[in-house]
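Proteins get letters first, then strands, A, B, ... in listed order; numbering begins at 1 in each.
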Amino acid sequence: MAATSIKQLLAGSIATGNAVTAQGWVRSRRDSKGGFSFMAIHDGSSFDAIQAVVPAELDNYQEEVLQAGVGCSVKISGQLVASQGKGQAFEIQAQSVEVIGWVDDPESYPIAKKRHSFEYLRTVAHLRPRTNTFGAITRVRTVLANAIHNYFFDREFQWINTPLITASDCEGAGELFRVSTLDLSNLPRTENEAIDFSRDFFGEESFLTVSGQLNVESYCMALSKVYTFGPTFRAENSNTSRHLAEFWMVEPEIAFADLNDDADLAEDFLSYLFKTVLEKCEDDLAFFNQFVDKTCLERLQAVADKSFVRMDYTEAVDILEKTKKKFEYPVKWGIDLQSEHERFLCEEHVGAPVIVMNYPKEIKAFYMRMNDDEKTVAAMDVLAPGIGEIIGGSQREERLDVLQARMAEQGVGDELWWYKDLRRYGTVPHAGFGLGFERLISYVTGMENIRDVIPFPRTPGNAPF
RNA sequence: UCCGGAUUAGCUCAGCGGUAGAGCAGUUGACUGUUAAUCAAUUGGUCGUUGGUUCGAUCCCAACAUCCGGAGCCA
């Protein structure tokens with residue numbers, strides 16, 4: 001008989017008395033001298049386990065059922081019945097229990113039936129999905145990824161699969177990983193002893209992308225509403241709870257739009273995502289709210305209700321200068337906001353997500369649109385309490401002459417000729433932003449370390465699984 | 001990369017200049033429609049690595065490694 005997912009078994013849509021089969025992994029077994037054992041079985045489809053009541057009369061009860069501990073995989077067939085005990089509505093009255101896979105050595109099985117620290121679980125990243133926490137994170141991650149695609153699909157955005165390999169090293173977002181097939185122990189050289197990249201795979205130096213934005217702009221200039229959603233790579237030596245060397249990013253780009261349209265999109269998008277996860281991950285979020293972060297649900301609801309505050313950079317600096325709070329880094333107009341400043345703004349001053357707009361041009365990238373004051377550019381950061389910058393975006397410079405001047409200022413070379421072409425042929429005001437997918441999940445779940453919201457985190461000195 | 005902190009049983013931690021302890025897990029038994037079950041007994045450790053100080057180092061010192069927190073970079 002085909003197995004039914006535990007989510008379905010617990011949903012109440014199958015009439016009691018029906019024959020069912022569940023398959024999954026044992027979370028716990030409790031033996032009763034009343035002549036049966038209770039087995040809690042997980043298969044990842046839901047937060048809750050299903051309980052199987054296994055009678056001692058089964059042929060393999062002594063030899064197998066009583067030996068099947070935490071982590072063993074099993075297939076259990078029987079009748080779905082209303083539970084006599086508290087804690088679950090339904091359970092399986094087992095008629096057969098087949099142990100599919102044993103746990104070699106229960107004492108050294110890394111995932112014991114107890115609380116483990118997240119630091120420890122990172123060292124067993126291949127087994128940590130078996131815990132409540134990582135199962136819940138995985139389901140939330142899936143719901144959010146789907147919600148992202150659904151949001152854009154419903155609003156006539158096209159999903160653009162921008163390349164992961166790029167020859168441009170000037171995308172302005174940090175250090176790049178080199179992509180090469182050259183023999184490192186025998187590098188080809190040019191006449192003046194430089195490495196001869198013309199003999200490399202792509203005929204020039206190439207790298208893993210740090211952003212799909214420049215490429216997605218080209219599709220935006222034809223399809224109007226587009227987005228990328230995929231992995232991104234940064235070779236920064238960043239050792240923090242908010243950075244990964246490999247992470248996923250969502251980057252929408254909209255044509256015929258300015259910075260305010262961009263901020264509207266960011267706000268509506270986040271609000272939709274949070275509403276969706278509140279609706280679809282009730283059990284998992286209840287778990288996070290109880291064991292990981294007591295303010296989790298409250299915070300999600302606040303963002304779902306769109307309680308964003310918008311302010312100009314200039315206004316933000318003004319607030320920071322006037323507050324009595326002492327900062328390690330003094331504030332003055334022209335500096336980039338430090339973590340402590342961003343935290344003060346969204347955590348203490350406002351107590352909700354803040355969108356800071358129109359930053360000094362000196363501290364922002366070449367492609368951001370120059371404002372009329374010629375001192376600021378149309379950039380925005382969405383700052384979230386507890387996370388910091390969750391979104392960074394801008395209106396793009398659509399005027400060829402201004403863009404060229406900015407590129408020259410920042411030393412960006414000719415390899416972006418195609419990017420300039422977009423301003424030469426039917427240019428249009430447009431804007432977009434980048435949302436760090438893992439930062440979003442951190443914010444939603446309350447998980448403090450970004451290494452715990454991606455299945456196999458890559459950080460400096462660390463890619464073991 | 002910089003500044004702090006940590007590294008002792010499978011896990012979480014306590015401890016002390018005279019070579020070690022608890023809780024949980026595991027194992028065994030008792031008990032029970034149980035559900036982080038309970039109760040009893042019990043196994044289990046070159047105290048991160050390498051040097052140094054000392055009669056003697058797990059403890060003090062130094063370097064290194066790894067991890068954590070904060071900062072920078074950013075998403």
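A salt bridge is absent between A/Asp262 and A/Arg396: the closest approach of a Lys/Arg side-chain nitrogen to an acidic carboxylate oxygen does not fall below 4.0 angstrom. Between A/Asp258 and A/Arg369 there is no salt bridge, since none of the side-chain N atoms of the basic residue sits less than 4.0 Å from a carboxylate O of the acidic one. Residues A/Arg343 and A/Glu340 are not paired through a salt bridge, judged by the lack of any N-O separation under 4.0 Å between the basic side chain and the carboxylate.
The base of B/G70 has none of its N or O atoms less than 3.5 Å from a complementary donor or acceptor on the side chain of A/Glu340. No hydrogens or angles were tested; on distance alone, a donor-acceptor pair under 3.5 Å links the side chain of A/Ser83 to the base of B/G33. In this model, no side-chain donor or acceptor of A/Arg30 finds a partner on the base of B/C31 within 3.5 Å. Remark: the A/His243 side chain and the B/C74 base include a donor-acceptor N/O pair separated by less than 3.5 Å. For B/U34, the base has a donor-acceptor partner in the side chain of A/Gln88 [N/O atoms by modelled type, under 3.5 angstrom]. Looking at A/Arg115, its side chain has no donor and acceptor atom pair within 3.5 Å of the base of B/A36. At a cut-off of 3.5 angstrom, counting only N and O atoms as typed in the model, there is a donor on one side and an acceptor on the other between the side-chain of A/Asn239 and the base of B/U1.
Across all strands shown, the partner of B/C2 is B/G70, judged by Watson-Crick or G-U wobble contacts whose two distances both fall under 3.5 Å.
Taking the nucleotide of RNA chain B with the nearest heavy atom to each of A/Gln51 and A/Gln67, the more 5' of the two is matched to A/Gln67.
OP1 or OP2 of B/C68 sits under 4.0 Å from a side-chain N or O of A/Arg451. For A/Ser339 and B/G72, the shortest distance from a side-chain N or O to OP1 or OP2 is below 4.0 Å. A close approach under 4.0 Å does occur between a side-chain nitrogen or oxygen of A/Arg122 and OP1 or OP2 of B/C68. A/Ser117 has no side-chain polar atom (N or O) that falls below the 4.0 Å cut-off from OP1 or OP2 of B/C11. Considering only side-chain N and O atoms, A/Asn449 lies under 4.0 angstrom from the phosphate OP1 or OP2 of B/G69. Dashed line: the shortest gap from a side-chain N or O of A/Ser238 to OP1 or OP2 of B/C74 is not under 4.0 Å. In this structure, A/Gln338 reaches the B/G72 phosphate: one of its side-chain N or O atoms is under 4.0 Å from OP1 or OP2. Phosphate proximity of B/A71 to A/Arg242: present, with a side-chain N or O under 4.0 Å from OP1 or OP2. Put simply, A/Ser32 has a side-chain N or O that comes within less than 4.0 Å of OP1 or OP2 on B/G33.
As rounded to whole Å, 16 Å separates atom P of B/A75 from atom CD1 of A/Ile148.
Nearest heavy-atom pair, A/Val210 versus A/Phe233, reported as atom, atom and distance to 0.1 Å: CG1-O, 3.2 Å.
Comparing B/A75, B/A71, B/A37 by their closest approach to the side chain of A/Tyr329 singles out B/A71. Among the nucleotides B/A25, B/C67, B/G70, the one closest to any side-chain atom of A/Asn462 is B/C67. The nucleotide whose nearest atom lies closest to any side-chain atom of A/His116 is, among B/A75, B/C11, B/A71, B/C11. The side chain of A/Val53 lies closest to B/G33 when the candidates are B/A25, B/G33, B/A37. Checking B/U34, B/A75, B/G70 against the side-chain heavy atoms of A/Glu389 singles out B/A75 as nearest.
Only the P atoms considered, B/C16 is 24 Å distant from B/U54, to the nearest whole Å. Rounded to a whole angstrom, the distance from the P atom of B/G44 to that of B/U66 is 33 Å.
Here A/Phe437 does not pack flat against the base of B/A75, since the 5.5 angstrom centre distance and 30 degree tilt limits are not both met.
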*Could you give me the CA-CA distance, side-chain angles and deciding distance for A/Asn358 and A/Leu259, then say whether side-chain contact (heavy atoms from CB on, under 4.5 Å) is met?*
CA-CA 9 Å; A/Asn358 298 311; A/Leu259 187 65; 3.6 Å; yes
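Of the candidates A/Asp48, A/Asp284, A/Asp43, A/Asp284 is the only one forming a salt bridge (charged side-chain N to carboxylate O under 4.0 Å, His left out) with A/Arg139.
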